[in-house]
Amino acid sequence: MRILVLNGPNLNRLGTREPEQYGTRTLAEIEADLAERARALGAELACYQSNHEGGLIDYLQREAGQADGVIINPGAFGHYGLALRDAVADTGLPTVEVHLSNIYAREAFRAHSVIAPVVLGLISGLGWRGYLAALDVLVGVLKERGVQ
Ligand code: DQA
């Protein structure tokens, strides 16, 4: 079982960027936790971050054929990135969208996700734990579907 973990723009700044919104843990620390949990669950992870919508799309197009599921924090692209939404839909893979902050409790423009309609579900407001929850859910769903 192979799962892609994508992070969009500005998420490379986690740890120092607006810690009151996004917490103090770095992306590298979150990815290390995810990798450890994935090992325990018997899944393989591939992590990727880009500040460019095209970078995320290229990665999905390249890797989706060798993957079983996707976890994506699209950052601000989640609110308007239609090309990224199309790329997520095109993978045909079960996908969980993650936002560290509660996008429904902030500025109005954040309360809408254009990705949400093409994913299995969305986790928002649970901080770094949201990524681990997404991994648990995705592995459970994939096992149910018979993916080893
Ligand atoms: C975010 C929420 C987005 O609105 C914002 O643009 C981000 C981070 C989150 O993880 O809470 O970059 O996706």
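Positions are given from 1, in the same order as the sequence printed here. Just so it is clear, the values below take in all heavy atoms, side chains as well, and ignore hydrogens, waters and symmetry mates.
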Can you name the nearest heavy-atom pair linking [X] to [Y], along with the distance?
| X | Y | answer |
| --- | --- | --- |
| L41 | K143 | O-NZ, 3.2 Å |
| S50 | G55 | OG-CA, 3.9 Å |
| L142 | P94 | CD2-CG, 3.8 Å |
| L135 | L34 | CD2-O, 3.6 Å |
| S101 | R106 | OG-NH1, 2.8 Å |
| G75 | H99 | O-CE1, 4.0 Å |

Should the pair [X]-[Y] be classified as a salt bridge under the 4.0 Å nitrogen-to-oxygen rule?
| X | Y | result |
| --- | --- | --- |
| E36 | R39 | no |
| E63 | R2 | yes |
| D68 | R145 | no |

In sequence, state the C-alpha distance, the side-chain angles, and the governing distance for V5 and Q49, and then conclude on side-chain contact (heavy atoms from CB on, under 4.5 Å).
CA-CA 8 Å; V5 181; Q49 188 276 332; over 6 Å; no
Only residue of L45, V96, T95 satisfying side chain to side chain contact (heavy atoms under 4.5 Å, CB included) with I3 is L45
Let's go through E97 and L120 carefully: what are the C-alpha distance in whole Å and the side-chain angles of both, what is the deciding distance for side-chain contact (heavy atoms from CB on, under 4.5 Å) to 0.1 Å, and is it a yes or a no?
CA-CA 8 Å; E97 178 177 350; L120 209 54; over 6 Å; no
Counting only N and O atoms by type, is there a donor-acceptor contact under 3.5 Å from the side chain of [X] to the main-chain atoms of [Y]?
| X | Y | value |
| --- | --- | --- |
| N51 | N10 | yes |
| H79 | S113 | no |
| E44 | M1 | no |
| E29 | T26 | yes |

When clusters are formed from ILVMFWY side-chain contacts under 4.5 Å, directly or step by step, what else is grouped with I103?
Y104, L122
Fellow cluster residues of Y48, listed by chain then number, with links counted only when side-chain atoms sit under 4.5 Å apart:
L4, L6, L56, I57, Y59, L60, V70, I72, F77, Y80, L82, L84, V88, L93, V114, I115, V118, V119
Side chains of [X] and [Y]: does their closest heavy-atom pair fall under 4.5 Å?
| X | Y | value |
| --- | --- | --- |
| V139 | R37 | no |
| L11 | L100 | yes |
| H52 | P9 | no |
| R85 | P117 | yes |

N7 vs I30, test: side-chain contact (heavy atoms from CB on, under 4.5 Å). Steps then yes/no.
CA-CA 11 Å; N7 277 280; I30 294 170; over 6 Å; no
Is it true that, when you exclude E107 itself, more than 12 heavy atoms of the residues, nucleotides or ligands shown sit nearer than 6.0 Å to its CD?
yes
Provide the full list of ring-ring contact (aromatic ring centres under 6.0 Å, His included) pairs with a residue in residues 126-148, sequence neighbours left out, each pair given once.
none
Apply the test side-chain contact (heavy atoms from CB on, under 4.5 Å) to residues T16 and T24: give CA-CA distance (whole Å), side-chain angles for both, the deciding distance (0.1 Å), then the verdict.
CA-CA 7 Å; T16 44; T24 53; over 6 Å; no
Between the CD1 atom in I123 and the CG atom in N73, the distance rounded to the nearest 0.5 Å is 11.0 Å
